[in-house]
Amino acid sequence: MAIESKLLSIKKVSISKRVDSVTFDHKHGELLGLIGANGAGKSTLLHALAGLETYSGEIRLDGRTLSAIPPHERARMVGFQPQATSSAWSLTVTDIVALGRMPWGDEKRTAIEQAMERTGISALATRNIDHLSGGERARVWLARVLAGEPQLLLSDEPIASLDIHYQLAVMEVLKQYTQEDRGVIVAIHDLSLAARFCDRLGLMYRGEMIAIGTPKEVLTEKLLSTAYGVPVDIDLERTPPVVLPK
Amino acid sequence: MVRLIETCLTPLLLFALLAIAWLSLSFGSTSVGVIDGINDWLQGETTQAALIIGEIRLPRTLLALIVGAALGLSGAALQGLLRNPLAEPGLVGASQGAALGAATVFYYGVFAGLGTLATAAAGLLGAAVALLFMLLLAGSGRPALVIMAGLAISTVAGAALAVVLNFAPNPYAMQELVFWLMGSVSNRGLDSLIILLPAFIIGSALILSQRRLLAALSLGEQVTESMGLSIKKGSYIIVLGAACLVGSSVSVAGAIGFVGLLVPHMLRPFVGHRPDRLLIPAALLGAILVCLADIAVRGMPLGRELKLGVLTSLIGAPFFVWLVWKERKKWL
């Protein structure tokens with residue numbers, strides 16, 4: 001059971017000097033949040049999982065060594081949404097979402113339409129990306145990854161620079177995606193939303209994973225003040241939970 | 001409506017291309033029947049129509065079409081690769097390398113054994129060498145570095161060309177070179193196709209094989225790599241393809257500027273701005289525009305010939321200024 005539900009297994013992974021001997025597992029159907037200060041190594045770790053960085057140590061995806069999976073096959077299994085996406089050309093929303101099908105070499109209509117429905121952008125289908133607001137664009141980038149129907153979705157700070165309405169909308173889409181037995185790993189700065197949506201959190205500090213577990217286990221005053229260097233106010237009993245700097 | 005234009009664009013351009021080619025064959029100071037001329041020429045007869053069509057207008061038309069297609073296609077590919085609407089085929093250093101190679105032939109008579117093909121061969125070689133240095137300098141194949149390396153190699157080739165001009169053995173050779181650099185497809189003969197056509201086919205095939213990469217690159221390098229595509233390998237293939245196209249064109253027809261810059265811009269709104277769908281229409285429109293410009297050049301009063309490259313520059317340069325202005329507004 002334990003072995004079967006493991007989507008990702010990471011053992012002593014180091015990436016140049018930015019990530020140091022990180023070990024954790026990620027299960028099917030789990031929303032895992034990576035938290036930590038800027039420069040803690042969250043993005044670097046996501047890049048390695050997406051095949052953009054070389055690493056030492058062991059990363060196994062569905063039991064297979066990640067670096068041994070051919071790139072086009074890996075791209076079908078792992079979808080990656082970078083921190084800052086932009087489009088060089090004034091493409092339409094549909095064309096951008098359809099690019100998510102590239103690893104499959106098709107333009108599967110159902111996958112594209114479903115991705116647009118989930119992110120609530122169906123009405124924008126024929127609009128050009130440069131005519132959309134920041135919040136609308138964020139959902140288009142997410143829809144592009146969803147259209148590829150990856151087993152593992154990696155999202156690097158998808159809600160940074162979004163208003164609270166879109167922050168909730170994006171987090172809800174990610175949460176919903178895990179309910180189909182797929183995995184999502186999201187790098188996130190908003191600790192209250194992390195506590196509210198993520199099943200587990202991994203706290204990174206100077207390239208190391210100093211804690212991993214449920215929000216209750218990780219979001220403690222001691223750990224957070226170490227990781228961020230400021231005292232924090234934590235109320236996880238509240239609905240929704242609140243984690244703020246003092 | 002946009003979808004309809006997208007579907008009809010290539011057939012429309014193809015039709016326009018055939019019409020322009022027909023116009024180019026029938027246009028000239030002497031009125032001859034195009035079909036009669038081609039028939040006679042194919043049967044090896046030496047009628048006036050056969051000579052005018054087969055020896056003068058047909059090579060000129062074919063060259064204009066292929067050179068235009070090569071410039072349009074390489075412009076679209078480079079703009080897509082570099083994600084920069086101001087990218088120009090001359091950017092990879094291939095144009096300047098080709099000019100340097102050809103100039104060396106003019107002055108020092110290398111490749112004399114090749115006869116009339118010597119210039120073309122030297123131009124192609126110059127483009128290839130310039131490109132090789134550019135690739136070595138750029139290393140990783142990243143777009144920004146390709147631009148910088150291309151600029152550096154263009155400057156080096158430009159300096160070397162100045163040295164060649166400086167030590168020109170006779171003033172007539174210099175005049176010949178300067179005129180050649182202005183770009184023209186007249187008096188070239190069908191044998192220039194021996195170099196141009198294979199280079200065009202190889203270059204186009206290399207570029208068209210990377211359509212997926214160009215589409216993915218719209219969303220940046222990280223998205224592209226995460227979708228399992230190799231940017232490094234693909235960039236090299238596209239740059240090599242563009243060098244084949246630009247190098248062979250410059251060596252045969254000299255510098256015909258701005259076609260590679262203009263054409264992609266004219267077409268982008270009709271292909272939903274997709275860099276992959278832009279390629280074939282850009283080749284067709286490039287061919288149409290250069291052939292039209294050549295017809296215009298032939299229509300000038302006799303005596304003072306306006307060079308084809310000068311005409312395209314006259315039309316293209318103000319457009320370039322406008323593009324820079326438009327780009328600038330984005331950053332203000």
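Proteins come first, then strands; the chains are lettered A, B, ... in the order of their sequence lines, and each starts at number 1.
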**Asked** Is it the backbone or the side chain of A/Ser87 that comes under 4.5 Å from a heavy atom of chain B, or both, or neither?
**Response** both

**Prompt:** Should the heavy atoms of other residues, nucleotides or ligands under 6.0 Å from CZ of B/Phe133 be counted, would the total exceed 12?
**Reply:** no

**Prompt:** About how many Å separate CG of A/Asn128 and NE2 of B/His273, when rounded to the nearest 0.5 Å?
**Reply:** 6.0 Å

**Item:** Minimum side-chain heavy-atom gap B/Val223-A/Pro82 below 4.5 Å
**Value:** yes

**Prompt:** What residue pairs, at least two apart or across chains, pass salt bridge (charged side-chain N to carboxylate O under 4.0 Å, His left out) with a residue in residues 132-145 of chain A?
**Reply:** none

**Prompt:** So, for A/Ala75 and B/Ser226, which heavy atoms are closest and what is the spacing to 0.1 Å?
**Reply:** CB-O, 3.4 Å

**Message:** Return the CE to CZ distance between B/Met227 and A/Arg101, rounded to the nearest 0.5 Å.
**Reply:** 12.0 Å

**Prompt:** In terms of heavy-atom contacts, does CZ of B/Phe319 have more than 12 from other residues, nucleotides or ligands at under 6.0 Å?
**Reply:** yes

**Complete:** Contact list (residues 31-48 of chain A to chain B, heavy-atom gap under 4.5 Å, by number) returns A/His47

**Item:** Heavy-atom side-chain contact between B/Ser218 and A/Leu91 under 4.5 Å
**Value:** yes

**Message:** Restricting to non-hydrogen atoms, name the atom on A/Ala88 and the atom on B/Arg83 that form the minimum distance, rounded to 0.1 Å.
**Reply:** CB-CG, 3.5 Å

**Message:** Within this structure, what is the CD-CD distance for the pair B/Gln222 and A/Gln81, rounded to the nearest 0.5 Å?
**Reply:** 11.5 Å

**Prompt:** Going by the salt bridge (charged side-chain N to carboxylate O under 4.0 Å, His left out) test, which pairs reach into residues 266-292 of chain B, not counting sequence neighbours?
**Reply:** A/Asp95-B/Arg274, B/Glu6-B/Arg277, B/Arg274-B/Asp276

**Asked** Hey, what do you get for CH2 (A/Trp89) to CG (B/Leu219), rounding to the nearest 0.5 Å?
**Response** 12.5 Å

**Request:** Give me the contact list for residues 147-162 of chain A versus chain B, heavy atoms only, anything under 4.5 Å, ordered by residue number.
**Result:** none

**Item:** Considering all heavy atoms, the nearest B/Ala216-A/Met102 contact
**Value:** CB-SD, 3.7 Å

